[in-house]
Amino acid sequence: MNHFSKFKNTAAFGLLTAVVAVSSVAPAFAAELPAGYGSHVNPVNTEYDQSATLAQPADVSMADYVKTLDMLTPEEKDLLVAAENAKAPYYVQMNKLTEQIHTKTNEILKGADPLFDKIFAIKDVHKDLWTKVDTNENEAQKTAGDDYIKFIQLSTAVTKAEKDQLIRDQKEIDALYKKVDVYYAKAAEETADLNAQLDAVIKNIQSIDSKTASIWEKVYTK
């Protein structure tokens, strides 16, 4: 559990990557937080995950790739290519929506910069103690989960006085995080409509994929 690593307070942004045969898409948004800073993950996270995917070289087109699948009939190959073509416009919509969500979210999260700066400043004062606690994690501490005060209390690497200091620091940090959460809640509220649109697009892609799932199953089990 890393309590001291500095993290970005803007959302990490991932766009569509066409590197799988059935287009497993996961546009993910998450504040880049180390474990010790709490579970402040961007609330606009939406994920589409095709349950079964097959790796495909990025420089190979779907049509060319499908030609290599000897276990399929010509009709099945045509269906896979047609399905991929049908999903193409939805991918365009997905990228546009994710870009809009990304932009709006980061604009809102900029307002939390001073709060993150305060958190960093608190950590910096006793960074040696945080490092000592983190780098000497014991088995008991692994049971603390996201309870960072408990994590400190279970440490055997620092003295009681040092634990008391870190706990005071952690309480200040927790109070700041409550204020940070307001910005994440605002981001969720102001991107709700865009996320609803994104969910609809993803469902359309999933619907198309469901029609060829049995064909891909033949490929996976070969």
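Starting from 1, each residue takes its place in the sequence as its number.
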Shortest non-hydrogen contact from Gln153 toward Ile167: CG-CD1, 3.7 Å

Counting N and O atoms only, with roles assigned by atom type, does the side chain of Thr105 sit under 3.5 Å from a partner on the main chain of His102, one being a donor and the other an acceptor? no

Which atom pair, heavy atoms only, marks the closest approach of Ala157 to Asn136? CB-CB, 3.6 Å

Leu194 backbone acceptor or donor facing Thr191 side chain under 3.5 Å: no

pair Glu162-Leu166: side-chain heavy atoms closer than 4.5 Å: no

Flag, side chain of Ser210 to backbone of Ser207, donor-acceptor distance under 3.5 Å: yes

Pair Glu139-Lys142, salt bridge (Lys or Arg N to Asp or Glu O under 4.0 Å): steps then yes or no: CA-CA 5 Å; Glu139 289 302 313; Lys142 294 179 182 179; 3.0 Å; yes

With side chain to side chain contact (heavy atoms under 4.5 Å, CB included) as the test, would you mind laying out the steps for Asp64 and Lys67 before giving the verdict? CA-CA 5 Å; Asp64 289 338; Lys67 289 178 183 178; 3.8 Å; yes

Which pair of non-hydrogen atoms, one from Glu76 and one from Met71, has the smallest distance, and what is that distance? OE1-O, 4.4 Å

Value rounded to 0.5 Å, distance of CG in Leu176 from NZ in Lys178: 11.0 Å

Do other residues, nucleotides or ligands put more than 12 heavy atoms under 6.0 Å from Glu189 CD? no

Ring-plane angle category for Tyr65 and Trp216, please: parallel below 30°, perpendicular beyond 60°, tilted otherwise. parallel

Considering only heavy atoms from C-beta outward, does the side chain of Ile205 approach that of Met94 to under 4.5 Å? yes

Can you get from Tyr148 to Leu154 by hopping between Ile, Leu, Val, Met, Phe, Trp and Tyr side chains that sit under 4.5 Å apart? no

Mind checking the CG-CG spacing from Leu129 to Asp134? Nearest 0.5 Å is all I need. 10.5 Å

Do other residues, nucleotides or ligands put more than 12 heavy atoms under 6.0 Å from Lys163 NZ? yes

Looking at side-chain heavy atoms only, is the closest gap between Val158 and Trp130 below 4.5 Å? no

Donor-acceptor contact present, side-chain Gln141 to main-chain Asn138, <3.5 Å: yes

In plain terms, say whether Lys203 and Asp199 are close enough for a salt bridge, that is, a side-chain N and a carboxylate O under 4.0 Å apart. no

Minimum heavy-atom distance Ile108-Ala187, with the two atoms named: CD1-CA, 3.6 Å

Given the rule in the salt bridge (Lys or Arg N to Asp or Glu O under 4.0 Å) test, do Asp128 and Lys132 qualify, once you have shown the distances and angles that lead to the verdict? CA-CA 6 Å; Asp128 291 340; Lys132 187 184 294 186; over 6 Å; no

Please test Asp169 against Val125 for side chain to side chain contact (heavy atoms under 4.5 Å, CB included), starting from the C-alpha separation and ending with a verdict. CA-CA 9 Å; Asp169 290 349; Val125 174; 5.7 Å; no

Decide yes or no on side chain to side chain contact (heavy atoms under 4.5 Å, CB included) for Gln206 and Ile202, but give the supporting numbers first. CA-CA 6 Å; Gln206 290 174 322; Ile202 289 170; 3.9 Å; yes

Check: Tyr183 and Lys110 side chains under 4.5 Å, non-hydrogen atoms: no

Could you check Glu99 against Lys96 for salt bridge (Lys or Arg N to Asp or Glu O under 4.0 Å), going step by step and ending with a plain yes or no? CA-CA 5 Å; Glu99 177 63 32; Lys96 181 179 179 180; over 6 Å; no

Heavy-atom check, side chain of Leu80 versus side chain of Ile215, under 4.5 Å: yes

Kindly determine whether Leu69 and Lys218 satisfy side chain to side chain contact (heavy atoms under 4.5 Å, CB included), including the steps that lead there. CA-CA 10 Å; Leu69 303 178; Lys218 291 178 64 175; over 6 Å; no

Once you round to the nearest 0.5 Å, how far does CD of Gln170 lie from NZ of Lys150? 14.5 Å

Counting C-beta onward and ignoring hydrogens, is there a side-chain heavy-atom pair between Asp193 and Gln197 closer than 4.5 Å? yes

Sub-3.5 Å donor-acceptor pair from the side chain of Ser155 to the main-chain atoms of Ile152, do we have one? no

Taking all atoms of both residues into account, what is the closest heavy-atom pair of Ile173 and Lys123, and its distance? CD1-CE, 3.3 Å

From Asn95 atom CG to Leu198 atom CG, the distance as rounded to the nearest 0.5 Å: 10.0 Å

With rounding to the nearest 0.5 Å, note down the distance linking CD in Glu84 to OG1 in Thr212. 9.0 Å

Residue pair Lys171 / Ile149, side-chain heavy-atom distance below 4.5 Å: yes

Do Ile208 and Tyr90 make a side-chain contact, defined as non-hydrogen atoms from C-beta onward lying under 4.5 Å apart? yes

Distance (rounded to the nearest 0.5 Å) between Glu107 CD and Glu190 CD: 9.5 Å

